[in-house]
Amino acid sequence: LMLDHQLYGLRPWGYHLTNVLLHALNAVLVFLVFRRLTGATWRSLLVAGLFGLHPLRVESVAWISERKDVLSALFWLLTLWAYVSYVEKAKGQRLKANVWYGLALMFFALGLMSKPMVVTLPCVLLLLDYWPLRRFERSTLNAQRSTVLRLVMEKAPFFLLTAAASVITYLVQKRGNMMSDMGGLPLGARCANALVSCGRYLGKLFWP
């Protein structure tokens, strides 16, 4: 936003233009990431089209102060791209694999700095390990446990960044009295609110 101000001053069209360009880039990345993960070109194109046009995504593009959404999405997708590259290179090119792993970690850190919501990404990487990357052992139970432990430990730096970002976000919001709205509610009410919120977002996914 500071860079936008240097380029456009206080003219709103420039800020909107940056958001639109970032969102367009994100839509292209969605297509490239999904096609790389699944090998399905047309289905990936359909997913990217839905991502690019869906009101839940476009809302953040039209809202200048929600730059954090389009920016965190960019780094989220770049993390996925770098992680898939790491998995591919890990089979035989260890040096290149380490470079891609470092890039994935860097993009994840940039995503956290854009918006703390990116904290869920390490769990998404584990889901990708199961499908479509198929990195889980399917033989004996002991082999499966060993593989799961190895894959979780592989994500340790990501989980450490998640923990750090969560603590920092909590302290900042507490200091800024941003938690006052929910602070007086019991745990049960907060859990109920979380469930209702998830339900509403799923509803808006199909009927925005």
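Worth knowing before you read on, the calculation uses all heavy atoms, side chains too, and leaves out hydrogens, waters and symmetry mates. On a predicted model such as this, the values are computed, not experimentally measured, just so you know.
Under a hydrophobic-cluster definition in which Ile, Leu, Val, Met, Phe, Trp and Tyr are linked whenever side-chain heavy atoms come within less than 4.5 Å, directly or via other members, V20 and L71 are assigned to the same cluster. One hydrophobic cluster, built from ILVMFWY side chains closer than 4.5 Å, cannot hold both I64 and L25; they sit in different ones. Hydrophobic cluster membership is shared by F34 and V28, with clusters built from Ile, Leu, Val, Met, Phe, Trp and Tyr side chains linked at under 4.5 angstrom. Taking hydrophobic clusters as Ile, Leu, Val, Met, Phe, Trp and Tyr residues chained together by side-chain heavy-atom distances below 4.5 Å, L74 shares a cluster with M113. Using a 4.5 Å cut-off between side-chain heavy atoms of Ile, Leu, Val, Met, Phe, Trp and Tyr, with links allowed through other members, Y86 and L103 fall into the same hydrophobic cluster.
Taking the charged nitrogens against the carboxylate oxygens, R134 and D129 have no contact shorter than 4.0 Å, which rules out a salt bridge. Using a 4.0 Å cut-off between a side-chain N of Lys or Arg and a carboxylate O of Asp or Glu, K204 and E59 do not qualify as a salt bridge. Taking a cutoff of 4.0 Å between a charged side-chain nitrogen and a carboxylate oxygen, E88 and R36 qualify as a salt bridge.
For G111 against S72, the heavy-atom pair with the smallest separation is O-CB, 4.0 Å. Smallest separation of non-hydrogen atoms from F31 and T41: CE1-O, 3.4 Å. When all heavy atoms are compared, the tightest approach of A48 to V30 is CA-CG1, 3.8 Å. Listed here is the closest heavy atom pair of A189 and L185: CB-CB, 4.2 Å. Nearest heavy-atom pair, N26 versus L77, reported as atom, atom and distance to 0.1 Å: O-CD1, 3.4 Å. Taking each heavy atom of F136 and V148 in turn, the nearest pair found is CE2-CG2, 3.3 Å.
A side-chain donor-acceptor contact under 3.5 Å links R67 to the backbone of Y15. No donor-acceptor pair closer than 3.5 Å links the side chain of R135 to the backbone N or O of Y130. The closest donor-acceptor contact from the side chain of T162 to the backbone of V119 lies under 3.5 Å. With hydrogens and angles ignored, the 3.5 Å screen pairs a side-chain donor or acceptor of H23 with a backbone N or O of G52.
A centroid separation of 6.0 Å or more is found between the aromatic rings of H54 and F206.
Classified by interplanar angle (parallel below 30°, tilted 30° to 60°, perpendicular above 60°), the ring pair F158/F108 is tilted.
Between T79 and W81, the side chains place no donor N or O within less than 3.5 Å of an acceptor N or O (distance only, hydrogens not considered). Side-chain contact of Y83 with K155: a donor-acceptor pair under 3.5 Å is present, judged by distance alone.
For the atom pair CG (L121) and CZ (F75), the distance works out to 13.0 Å, reported to the nearest 0.5 Å. For the atom pair L50 CG and L45 CG, the distance stands at 10.0 Å (nearest 0.5 Å). Here the CG-CG distance, from N19 to D4, works out to 8.0 Å after rounding to the nearest 0.5 Å. Residue F107 holds its CZ atom at 7.5 Å from CH2 of W100, rounded to the nearest 0.5 Å. To the nearest 0.5 angstrom, L37 atom CG is 7.0 Å from L80 atom CG. Between atom CD of residue Q173 and atom CG of residue L171 there is a gap of 10.0 Å, rounded to the nearest 0.5 Å.
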Given the rule in the side chain to side chain contact (heavy atoms under 4.5 Å, CB included) test, do V118 and S114 qualify, once you have shown the distances and angles that lead to the verdict?
-> CA-CA 9 Å; V118 183; S114 302; over 6 Å; no
Worked verdict on R200 versus V196 for side chain to side chain contact (heavy atoms under 4.5 Å, CB included) | CA-CA 6 Å; R200 284 185 173 177; V196 169; 3.8 Å; yes
Run the numbers on K68 and E66 for side chain to side chain contact (heavy atoms under 4.5 Å, CB included), then give the verdict.
-> CA-CA 5 Å; K68 58 186 179 181; E66 281 299 291; 3.3 Å; yes
Trace of the side chain to side chain contact (heavy atoms under 4.5 Å, CB included) decision for V33 with W76 | CA-CA 11 Å; V33 168; W76 173 290; over 6 Å; no
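Counting heavy-atom neighbours within 6.0 Å of Y101 OH, excluding the residue itself, gives a total above 12. Annotation for L95: atom CG does not count as buried by contact number, only 12 or fewer foreign heavy atoms lying within 6.0 Å.
Side chains of L1 and H5 form no contact here, defined as non-hydrogen atoms less than 4.5 Å apart.
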